[in-house]
Amino acid sequence: MRFPPLPSPRDVVHLYKLQARKQLSQNFLLDMNLNRKIVNKAGKLAGCYVCEVGPGPGGITRAILEQGVEELIVIEKDPRFMPGLQLLAEAAKGIECGHANRMRIFQGDILRFNMENLFPQELKKDWKDDTPDIHIIGNLPFNVSTPLIIRWLEAISTQTGAWRYGRTPLTLTFQKEVAERMVASVLSKERCRLSIMCQYLCDVSLKFEIPGKAFVPPPEVDVGVVKFIPLKRPLIELPFPLVEKVVSHIFHTKRKLVKNCVPTLFPPNRPELTARMFEEADVSPDILARRLSVEEVGRLCHVYNKICQENPGIYEYNFRDPEYIELYRKRRSIELAKIEDQILHGEENT
Ligand SMILES: C[S@@+](CC[C@H](N)C(=O)[O-])C[C@H]1O[C@@H](n2cnc3c(N)ncnc32)[C@H](O)[C@@H]1O
């Protein structure tokens with residue numbers, strides 16, 4: 001396919017005198033070979049709808065357009081990039097496609113952006129089908145990309161937002177250490193809460209690394225490009241907040257044995273519930289959390305869910321909040337009083 005000349009990110013930076021803002025953690029990738037490499041890792045984009053987050057001066061944007069996408073939607077917070085993105089959008093109009101405009105630009109914060117109705121309804125696929133012709137790509141600042149992926153994982157678990165259309169894949173950059181934690185296996189010392197949260201919902205792979213010095217200005221760390229493909233069936237079929245709660249307790253201290261982390265899920269006067277967790281889940285209490293497989297964590301979550309359903313107030317119990325501890329004690333004493341009453345009442349009837 002032939003394309004009209006698209007402005008390069010270097011042209012855009014020079015034309016609009018765009019200085020990266022350190023306070024916004026802006027690090028530009030001006031090397032088109034690297035931008036194309038990121039975009040290639042997303043897979044085949046020709047004829048697809050792509051959403052790019054944080055396009056900045058438009059290096060990745062240009063590489064996406066070069067793929068002959070059906071439509072590119074960009075969401076950028078910093079208004080200084082709008083003229084450069086308009087320039088790219090104008091140039092992209094020359095590329096044949098079904099729209100008057102191949103590129104739609106939104107100025108806004110991705111953390112507040114609703115992707116629920118961003119794409120045509122016809123693209124919708126069943127969750128169990130192949131991935132839809134939609135991709136999310138982005139090189140965001142690290143302080144945005146990590147909280148954002150947690151939100152998006154929750155949206156994947158509820159099949160909302162961009163995942164209302166099916167198993168929309170994502171290709172995103174992260175600080176290298178964070179990327180390594182996301183893909184860390186049972187044997188890795190990098191394995192943590194984030195590894196489980198990513199891996200129970202997605203097939204997650206670290207595609208390649210980019211040295212910090214490739215960016216302008218260079219960050220102090222290297223970068224990892226990570227691809228997420230939502231799984232047809234999550235490895236833990238329970239509500240995201242419940243899984244997150246159990247996982248955050250289990251990985252509370254990475255160097256502790258699980259038997260020392262699980263008890264904080266329960267009030268101190270209920271040690272039998274901790275014992276039940278290990279017994280019913282068939283998990284050894286004497287291993288490090290990072291040695292647990294996603295399946296073992298899943299079994300612990302299922303037992304916790306059962307315990308919560310049988311014991312009102314347990315799910316709300318928060319070992320750090322004295323108010324909950326008091327609330328739990330009150331509920332428990334009411335429950336015990338009821339049981340006592342039933343026993344007495346029952347005895348009177350016999
Ligand atoms: C690390 S720079 C990368 C820019 C460009 N993608 C590149 O690779 O050269 C991150 C970009 O994300 C934008 N950004 C930061 N926070 C954002 C947010 N909350 N929503 C949307 N864009 C954001 C920044 O203004 C900046 O353009």
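Residues: numbered from 1 along the sequence shown. Whatever order the structure lists them in is the order used to number ligands and atoms, beginning at 1.
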| remark: The option among Arg112, Gln26, Lys77, Gln107 carrying the non-hydrogen atom nearest to atom 23 (C) of ligand 1 is Lys77

| task | Any atoms of ligand 1 less than 4.0 Å from a non-hydrogen atom of Ile75? List them with their elements. | result | 21 (C), 22 (N)

| said: Suppose I only count heavy atoms of Phe28 and a 4.0 Å limit; which atoms of ligand 1 are within that range? | reply: 9 (O)

| Counting from 1, what ligand 1 atoms have a heavy atom of Asp78 closer than 4.0 Å? | 25 (O)

| remark: Tightest non-hydrogen contact, residues Ala42 and Ile137, listed as CB-CD1, 3.7 Å

| request: Would you please determine whether Pro141 falls within less than 4.0 Å of ligand 1 on a heavy-atom basis? | output: yes

| field | Per-residue contact class, Leu30 against ligand 1 - non-hydrogen pairs under 4.0 Å | value | neither

| task | Ignoring hydrogens and angles, state whether a donor on the side chain of Gln175 or Arg181 is under 3.5 Å from an acceptor on the partner side chain. | result | no

| field | Sub-4.0 Å atoms of ligand 1 with respect to non-hydrogen atoms of Gly108 | value | 20 (N), 21 (C)

| note | Any heavy atom of Phe113 under 4.0 Å from ligand 1? The part involved is neither

| Between Leu140 and ligand 1, does any nitrogen or oxygen pair lie at a separation below 3.5 Å? | no

| query | Taking the six-membered ring for Trp, are Tyr315 and Tyr304 parallel (under 30°), tilted (30 to 60°) or perpendicular (over 60°)? | reply | tilted

| said: If you apply the rule side chain to side chain contact (heavy atoms under 4.5 Å, CB included), what do you find for Gln67 with Val39, and how did you get there? | reply: CA-CA 9 Å; Gln67 295 289 318; Val39 171; 3.8 Å; yes

| note | Numbered in order shown, the ligand 1 atoms found under 4.0 Å of a heavy atom of Pro55 are 5 (C), 6 (N)

| task | Select the closest option to atom 18 (C) of ligand 1 among Asp109, Thr61, Asn27, judged by heavy-atom distance. | result | Asp109

| Residues in ring pair (Phe, Tyr, Trp, His ring centres under 6.0 Å) with Phe113, at least two apart? | Phe106

| query | For Met103 and Leu85, which heavy atoms make the closest approach, and how far apart are they? | reply | CE-O, 3.5 Å

| Which atom names give the shortest non-hydrogen contact between Leu265 and Met277, and what distance separates them? | CD1-CE, 3.9 Å

| request: Would you kindly check if the NZ (Lys) or CZ (Arg) of Lys125 is within the cone defined by 45 degrees around the ring axis of Tyr165 and under 6.0 Å from the six-membered ring centre? | output: no

| Residues in side-chain hydrogen bond (donor to acceptor under 3.5 Å, both in side chains) with Lys232, at least two apart? | none

| task | Give the numbers and elements of all ligand 1 atoms closer than 4.0 Å to a heavy atom of Phe81. | result | 25 (O), 27 (O)

| query | Do any nitrogen or oxygen atoms of Pro57 come within less than 3.5 Å of a nitrogen or oxygen of ligand 1? | reply | no

